[in-house]
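Just so we're clear, the structure is a prediction, and the values are computed from it rather than from any experiment. Residue indices begin at 1 and follow the sequence shown. In each ligand, atom 1 is the first atom listed, and ligand 1 is the first ligand listed.
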Amino acid sequence: MRRPVIAGNWKMNKTASEAVAFVQELAPRLAPYTSVDSIVCPPFIAIESTAAALRGTSLKVGAQNVSAQEKGAYTSQVSGGMLAGLVDYVIIGHSECREYLGETDAVINAKIKAALAHGLTPIFACGENLAVYEAGETNAFVSAQVRAGLDGIDGEAVSRMIIAYEPIWAIGTGKAATAEIAENICGGAVRATVAELYGQAVADDVRVQYGGSVKPSNMREYMSCPNVDGALVGGASLIVDDFTALVAAAAEAKG
Ligand code: 13P
């Protein structure tokens, strides 16, 4: 049985003090939902204070990226070794990092390996743009991203990972994918590809999230999909009431 998992990707929002105030309000609200894994991913500058504020609570902290390198002359970058002990999760391969930071499938694969080497759980993001979607090539495109991202990673590690399917056309647009699309790609592309690569047992264990304009109003539909184990959430994760409603919906559907 896969535990539902809701992760808030705050992107470039909230100062360190705003982050602390937010999680001090959020953590007690989420405490009743013990059957759901809940994660906040603040900007790097707010990770340490957020993690300190959440010590002893069940709300976990993730980073929004990690370097593939261990240390050295990589201005602006943060390594897995620096994050270990502060966070449990790290988002890797977000479409905004692919687009604005030029991250390729090969870089993302190296980052996943770096995260695993430091005991961090990757939240590996994949998803197609509108042109690919309209061409009807989503399944093949996402499957190729999953293959490339997982290249050389063993099944035991993959079974403990989270893979997030986030169609770029649904991110921050309010145009959420239908539950049918989410189920088809989370199941028919992401989980099916993991099954092809590693066998059914690993595919049954890996958790797959949907992301892209997830809101309290559509969360129940996604959570009713057999292959959707939770959500990677941007905008709604910045609002305490909304974050709480998402976690409550996940607990109700799959907790
Ligand atoms: P929104 O929920 O704001 O569409 O963002 C989704 C996302 O990119 C999460 O990583």
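- At least one heavy atom of G172 sits less than 4.0 Å from an atom of ligand 1.
- Annotation for V214 and Y222: closest pair CG2-CE1, 4.2 Å, computed over non-hydrogen atoms.
- Contacts with ligand 1 closer than 4.0 Å are made by heavy atoms of both the backbone and the side chain of I171.
- In this structure, G211 does not count as a contact residue of ligand 1, since none of its heavy atoms falls inside 4.0 Å of the ligand.
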Start with the C-alpha distance between E103 and N65, add both sets of side-chain angles, then the distance that settles side chain to side chain donor-acceptor pair (under 3.5 Å), and finish with yes or no.
CA-CA 11 Å; E103 292 188 4; N65 208 339; 2.8 Å; yes
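- Compare E166, E96, K175, Q64 by their heavy atoms: the one nearest to atom 7 (C) of ligand 1 is in E166.
- For ligand 1 and G235, the ligand atoms under 4.0 Å from any heavy atom of the residue are 1 (P), 2 (O), 3 (O).
- Inclusion of S213 in the set of residues having an N or O under 3.5 Å from an N or O of ligand 1 is warranted.
- Taking both residues in full, the closest heavy atoms of G155 and V202 are given as O-CG1, 3.6 Å, listed atom of the first, atom of the second, then distance.
- Taking the charged nitrogens against the carboxylate oxygens, R191 and D204 have no contact shorter than 4.0 Å, which rules out a salt bridge.
- Hydrophobic clustering (ILVMFWY, side-chain heavy atoms < 4.5 Å, transitive): M219 and I185 are in one cluster.
- With a 6.0 Å cutoff to the six-membered ring centre and a 45° limit on the axis angle, K60 does not count as a cation-pi contact of Y89.
- For the pair K215 and ligand 1, no heavy-atom separation below 4.0 Å is found.
- Protein heavy atom nearest atom 2 (O) of ligand 1, with residue, atom name and distance: G234 N, 2.9 Å.
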